[in-house]
2 protein chains.
Amino acid sequence: MREAEARAVLTNGYTARMEQPTGSAAPTARARARAELTEEIKACASRHLAEQGAAGLSLRAVARELGMASSAVYRYFPSRDELLTALIIDAYDAVGEVAEAAATGKGTMVKRFTAVAMAIRAWAVAHPHDYALVYGTPVPGYAAPRDTASPAARVSLAALQVVADGAAAGEVDVSVRRPMPIPKATRSDMARLRVAASIDLPDEVLLRVLLAWTTVFGTISFELFGHLHTVVEDYEAFFRHQVGRAALHVAGG
Amino acid sequence: MREAEARAVLTNGYTARMEQPTGSAAPTARARARAELTEEIKACASRHLAEQGAAGLSLRAVARELGMASSAVYRYFPSRDELLTALIIDAYDAVGEVAEAAATGKGTMVKRFTAVAMAIRAWAVAHPHDYALVYGTPVPGYAAPRDTASPAARVSLAALQVVADGAAAGEVDVSVRRPMPIPKATRSDMARLRVAASIDLPDEVLLRVLLAWTTVFGTISFELFGHLHTVVEDYEAFFRHQVGRAALHVAGG
DNA sequence: ATCGAACAGAGAGCACTGCTCTCGAAAGGA
DNA sequence: TCCTTTCGAGAGCAGTGCTCTCTGTTCGAT
């Protein structure tokens, strides 16, 4: 029994302990209560995270605020890191959602790309600790990669889609004035990316997008982590301008 | 007495407690021992940091390894965060040093800029936890800004100098094909930067450098923090290529 | 409806952390 | 020599993550 339980936790995480609705929608009262309390714990932890950051997130503190014993929380999350992982997934989904919403807008590729970047930054500024949790220093060794992989991809795919649309509309200049030789390894990296993202863009354009992408997150990280403290005063104006540059570069400018 | 001591700690930090050599170089045995032990603590803490990261750095653990009581360490560093701040300053100096060394090389601006970026990345890959400490999520609220400001600037100034040299040699195209209107706030930001860095480059070029700069650190952070995990296999080739693109962009390409 | 198994909560406890306080020993300058 | 400052050690406090054990409840199958 104990071994089976341990294995379940190892393979499927805490969700494995939730009783699945048995075909016909009949969630037992206990399962409902469990799902609710799980959400409540996550919500409370998210609040604590927003206030004090990941380092200050204490399982005992959320248990106290929820009026339960600290040991009871372990029925829902097997460890503090698992709780953090759940919050990471939520954060990925949140930023992915705002990016996708911004990507659906109309206009030129440069405009849409800028809109996506601005949306990401706005989310990051509004939720700095969530941003840090996701795009800052990884928490322990690092968080579970499998569970976070697909939510993490959403935000990037949104941007790639914008560029793919722009390329289809002829807004992307594929001719290179001064071609840089692309290393063989990087070529195969891009080939793999094309398959994984199901997006047909030439190496040249993909690399331009990645350049712009690292600029977006590099600039946001610099802003939030204080590396532009003595340089920039109006962060939003600076960011919009730089993202515009990056988007023009993607278009081939 | 107590109040005076507290004020000294608040204003000057732990260094205020070190006895200054009284004019003529006569460091007492105690002062020497103190300086040595301070370095020893820092070195030991740095080792722990390299192994387990900032989160796993325990004052008690370094005290144990040094064979002293944990309370004795507080004679040298008033808190764990101050110890971390000392490590942050050392890390800034370390990365600044390798960047400056790389910047002294000869060749075109693109070559030198790439060399600086490659040196930074090599340092980051060799000391990932130090990099995370400096360019990742800020540790508590945040570290002392005054003490870290000037070491932090070294690495950026090295890159700016490379570009300034390139501009002096006529390697930077100042004419803009498709000029992007620069916001007034950003214009004054750049004006301030010109004064602070004592480097005379037009807004256009400074903004290009900042774009490349955020690309450099954005790419390194993406690599070290696992955001390119499923995309790139040969990180060094990818980085070199992207930095080359960024450097060409700085040159006006 | 009953019974055994699974589950949920609470409490005690372990090992660890940062940090403070107090005390005695050592070193420094007068 | 004496007196102040410094230093190291130990005990102790409040807090942490996590485990274990014990009780009461709920669930599903008989």
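In what follows, every heavy atom counts, from backbone to side chain, and hydrogens, waters and symmetry copies are set aside. Just so it is clear: chains get the letters A, B, ... in the order the sequence lines come, proteins before strands, and each one is counted from 1.
Computed from coordinates, the B:R34 CZ to C:dA27 P distance equals 16 Å when rounded to whole Å. C:dA8 atom C1' lies 11 Å from atom CD1 of A:I41, rounded to whole Å. One atom, NE2 of A:H48, and another, P of D:dT16, lie 10 Å apart when rounded to the nearest Å. The nearest whole Å value for the distance from the CG atom in B:L57 to the C1' atom in C:dC16 is 15 Å. Rounded to whole Å, atom P of C:dA8 lies 13 Å from atom CZ of A:F77. At whole-Å resolution of the value, CZ in B:R32 and P in C:dA27 are 16 Å apart. Residue B:L84 contributes atom CG, which lies 10 Å from atom P of C:dG18 at whole-angstrom precision. Rounded to an integer number of Å, the gap from CG of A:L37 to P of C:dC7 is 16 Å.
Nucleic acid contact for A:L66: none, since no nucleic acid atom lies under 4.0 Å from a heavy atom of the residue. In this structure, A:A29 reaches the sugar-phosphate backbone alone: every heavy-atom distance under 4.0 Å involves primed, P, OP1 or OP2 atoms, never a base.
Out of D:dA9, C:dC19, C:dA26, the shortest distance to the side chain of B:Y74 is found at C:dC19. For B:Y76, taking side-chain heavy atoms from C-beta onward, the closest of the listed nucleotides C:dC19, D:dT16, D:dG8 is D:dG8. The side chain of A:T28 lies closest to D:dG28 when the candidates are D:dG28, C:dG9, D:dT16. Distances were taken from every side-chain heavy atom of A:M68 (C-beta onward) to each of C:dA8, C:dG28, C:dA10; the shortest belongs to C:dA10.
Checked against side chain to side chain contact (heavy atoms under 4.5 Å, CB included), B:S221 has the following partners two or more places apart in sequence or in another chain: B:Y131, B:F225. Residues passing the salt bridge (Lys or Arg N to Asp or Glu O under 4.0 Å) test with A:R47 are A:E65, sequence neighbours excluded.
In this structure, A:R64 reaches the D:dT16 phosphate: one of its side-chain N or O atoms is under 4.0 Å from OP1 or OP2. Between C:dC21 and B:R75, no contact under 4.0 Å exists linking OP1 or OP2 to a side-chain N or O. One finds a side-chain N or O of A:S58 lying less than 4.0 angstrom from the OP1 or OP2 phosphate oxygen of D:dG17. A sub-4.0 Å separation between OP1 or OP2 of C:dA26 and a side-chain N or O of B:R30 is absent.
Taking the six-membered ring where the residue is Trp, B:Y135 and B:Y92 present perpendicular rings, their angle passing 60° and hence far from 30°.
Nearest heavy atom pair, residue B:L224 against residue B:P128, reads CD1-CA, 4.3 Å.
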Which atoms of nucleotides 12-15 of chain C (N or O only) lie under 3.5 Å from a protein N or O atom, and what are those distances?
unit_1	atom_1	unit_2	atom_2	d
C:dG13	O6	A:R60	NH2	3.4

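Here the options are B:F239, B:F238, B:Y235, the test is side-chain contact (heavy atoms from CB on, under 4.5 Å), and the partner is A:T186; only B:F238 passes. Of the options A:E51, A:Q52, A:H129, A:R80, a side-chain contact (heavy atoms from CB on, under 4.5 Å) to A:L57 is made by A:R80 and by none of the others.
Between the side chain of B:R80 and the base of C:dG18, no donor-acceptor pair under 3.5 Å is found.
Taking the centre and axis of the six-membered ring of A:Y76, the NZ or CZ atom of A:R34 falls inside the cone set by 45° and 6.0 Å.
Residue A:R192 qualifies as enclosed at atom CZ: its count of foreign heavy atoms under 6.0 Å is above 12.
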